[in-house]
Amino acid sequence: MTRLKGLDLLALGFMTFALFLGAGNIIFPPSAGMAAGQSLWFAALGFLLTGVGLPLLTVVALARVGGGMDRLTAPLGRGAGTLLAVAVYLAIGPLFATPRTAVVSFEMGIAPFTGNAAVPLFVYTTLFFSATLFLAVNPGQLVNRVGKFITPVLLAALLVLGGAAVFAPAGDIGVTAESYRSGPLLKGFLEGYLTMDTLGALVFGIVIATAIRDRGVSSPALVTRYSMVAGAIAALGLSLVYLTLFYLGATSQGIAGEAQNGVQILTTYVQHTFGTTGSLLLAIVITLACLTTAVGLTTACGEFFSGLMPVGYRTVVVVFTLFSLLVANQGLTQLISVSVPVLVGLYPLAIMLVALNLLDRCWVSPSRVFVPVMAVTLVFGVADGLSAAGFTDLVPVLFTKLPLAAQSMGWLVPVLVTLVIAFAMDRLVGERRLAT
């Protein structure tokens, strides 16, 4: 029976870390840290719960069932499960997330040197997706190419940036913004929710398992164990990155107090600390982070859709890469405006899907719990998505009065109530059946 050695496990963990670390993971923490100010550590703890905790639980859930989303959605029935999986893979893949990796890395790392015109964007995205296709076309080499070569370079750049943030801060920790004064822990929790990494974890789970099996590991128990180890290594790495970037933002109010987002905060800080060299460092970090994420997303979509349809893996990867290239050249503003409402609607479904699977031993009949809970989650998730898109007139007034509705979490209370009722009915019906 093949077992992985320590260095192989470390490489697997590095690969998992690199898959998760996209541009969004780098630009959200500085802006949250700057707004949190003196409430920095409470806000950071909330952010870690959703930005690290939920994705790690998702990897664990996928490892436990020994497969991809098809195993997680089995209690919903084949039709509903397939529709949910397709929606998640398309949203996190060629429709939104994969093109965004290219556009964000261009605007943060390349546009400061070339300008934000159409021609430089097309040239860059062509090169970007060519590299993505090269790395994704042979998924069996992901650990070697990403875990052993690309990730160490990415880690070295992050160590320089993180070390500078800790040992050479731009100033003292600033004041707390109004939005963080009443409940910094909850606000940080909600900011971490917006990273959408739980959706990414649903997609990456099968990539991690496939990478382990391609190393010769056939035992389901070992695949599960190694997946959990890889997830833990990635969680530790992400936590360190988030904490240092939170601190960077909190200590940069003096030089970037007028910044509107994390991109401007990071750009201002590295220019202040390193000059032009800093801008080049930022370009390397962002490009590598986005490239590894794009490779993981493309690989996962190739694995999923080649298994769902009578089309080969390489064909799916090529088609999706070309489609992502076309979407990326529509521009970042339009891409984000369309993607955010869709992702806001899908995220509650992903959270509950993972939670219900982790609690699978509590259900007599999983389908009796999964179906009503996920149905209610879908209804309120769609309402939150419509609100995020600005279509508030289409959302019933009652929905807007729910607790946390203003933070796109109005689904939480109705879903928890439904879960309690479904659990009680599941136990009651189950006990009656056993009695007869």
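Note: hydrogens, waters and symmetry copies are ignored here, and every other heavy atom, side chains too, is used.
- Within the 4.5 Å cutoff, no side-chain heavy atoms of Leu199 are placed close to those of Thr58.
- Ion pairing between Arg78 and Asp70 fails under the 4.0 Å rule for side-chain N and carboxylate O.
- Heavy-atom minimum distance, Ala43 versus Tyr180: CB-CE2, 3.6 Å.
- Separation of atoms CG (Leu95) and CG (Leu90) is listed at 5.0 Å; rounding is to 0.5 Å.
- Inter-residue side-chain proximity for Val373 and Phe423 is flagged as unmet; no heavy-atom pair is nearer than 4.5 Å.
- With rounding to the nearest 0.5 angstrom, the CG atom of Leu9 is 8.0 Å from the CD1 atom of Ile212.
- Side-chain contact between Val364 and Val429 is absent, with no heavy atoms from C-beta onward closer than 4.5 Å.
- In this structure, the ring of Phe47 has its center no less than 6.0 angstrom from the ring center of Phe189.
- No side-chain heavy atom of Val376 sits less than 4.5 Å from a side-chain heavy atom of Val417.
- Going from atom CH2 of Trp411 over to atom OG1 of Thr418 covers 11.5 Å, rounded to the nearest 0.5 Å.
- The environment of Phe42 atom CZ is sparse: at most 12 non-hydrogen atoms of other residues, nucleotides or ligands sit within 6.0 angstrom.
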_Trace of the side chain to side chain contact (heavy atoms under 4.5 Å, CB included) decision for Met374 with Leu84_ = CA-CA 10 Å; Met374 294 297 286; Leu84 177 57; 3.9 Å; yes

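- A donor and an acceptor atom, one from each side chain of Thr114 and Tyr124, are nowhere located under 3.5 Å apart.
- Asn329 places a side-chain N or O within 3.5 Å of a backbone atom of Leu325 that can act as its donor or acceptor partner.
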*side chain to side chain contact (heavy atoms under 4.5 Å, CB included) assessment of Leu402 paired with Phe380*: CA-CA 10 Å; Leu402 291 168; Phe380 285 90; 3.4 Å; yes

*Decide ring-ring contact (aromatic ring centres under 6.0 Å, His included) for Phe106 and Phe128; before the verdict, give the C-alpha distance in whole Å, the side-chain angles of both, and the deciding distance to 0.1 Å.*
CA-CA 9 Å; Phe106 169 78; Phe128 181 92; over 10 Å; no

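- At least one donor-acceptor pair under 3.5 Å links the side chain of Thr98 to the backbone N or O of Gly93.
- Between the CG atom in Leu245 and the OG atom in Ser31 there is a gap of 10.0 Å [rounded to 0.5 Å].
- The two atoms that bring Leu346 and Ala87 nearest to each other are CD1-O, 3.8 Å, heavy atoms only.
- Note on ring orientation: taking the six-membered ring where Trp is involved, the planes of Tyr89 and Phe304 are parallel (angle under 30°, cut-offs 30° and 60°).
- Within the 4.5 Å cutoff, the side chain of Phe305 has heavy atoms near those of the Phe320 side chain.
- Ring-plane geometry between Tyr269 and Phe274 is classed as perpendicular, the angle between the planes exceeding 60 degrees on a 0 to 90 degree scale with a lower cut at 30.
- Thr299 places no side-chain N or O within 3.5 Å of a backbone atom of Gly296 that could act as its donor or acceptor partner.
- For Thr315 (side chain) and Val311 (main-chain N/O), no donor-acceptor pair under 3.5 Å exists by modelled atom type.
- Inspection of the Asn25 and Tyr242 side chains reveals an N or O donor paired with an N or O acceptor under 3.5 Å.
- Judged by distance alone, the side chain of Thr273 and the main-chain N or O of Val270 form no donor-acceptor pair under 3.5 Å.
- At a threshold of 4.5 Å between non-hydrogen side-chain atoms, the residues Gln264 and Thr267 do not count as touching.
- Atoms CE and CG, on Met69 and Leu76 in that order, are 9.0 Å from each other to the nearest 0.5 Å.
- Of the possible polar contacts, none joining the Asp384 side chain to the Gly345 backbone as a donor-acceptor pair under 3.5 Å is found.
- When the shell of 6.0 Å around CE of Met425 is examined, it contains 12 or fewer heavy atoms from other residues, nucleotides or ligands.
- Counting only distance, with no hydrogens or angles, the side chain of Asp426 and the backbone of Arg368 share no donor-acceptor pair below 3.5 Å.
- Closest approach of Val223 and Ala209 over heavy atoms only: CG1-CB, 4.2 Å.
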*Derivation and outcome, side chain to side chain contact (heavy atoms under 4.5 Å, CB included), residues Phe17 and Leu158*: CA-CA 12 Å; Phe17 168 78; Leu158 285 172; 4.0 Å; yes

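- For the pair Leu72 and Leu202, the minimum side-chain heavy-atom distance is below 4.5 Å.
- When atom types are taken as modelled, the side chain of Arg64 and the backbone of Leu358 share a donor-acceptor pair closer than 3.5 angstrom.
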*After noting the C-alpha distance and the side-chain angles of Leu185 and Leu45, does the key distance pass the side chain to side chain contact (heavy atoms under 4.5 Å, CB included) rule?*
CA-CA 7 Å; Leu185 182 67; Leu45 175 60; 3.9 Å; yes

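- In this structure, Val395 and Ser387 approach most closely via the heavy-atom pair CG2-OG, 3.5 Å.
- Note that the CD1 atom of Ile265 and the CG atom of Leu248 stand 8.0 Å from one another [nearest 0.5 Å].
- Here the side chains of Arg225 and Leu222 are in contact, with some heavy-atom distance below 4.5 Å.
- Between Leu266 and Pro30, the shortest heavy-atom contact is CG-CG, 4.0 Å.
- At least one donor-acceptor pair closer than 3.5 Å links the side chain of Ser105 to the backbone N or O of Ala102.
- Scanning all heavy atoms of the two residues, the minimum distance from Val317 to Gly302 falls at CG2-CA, 4.1 Å.
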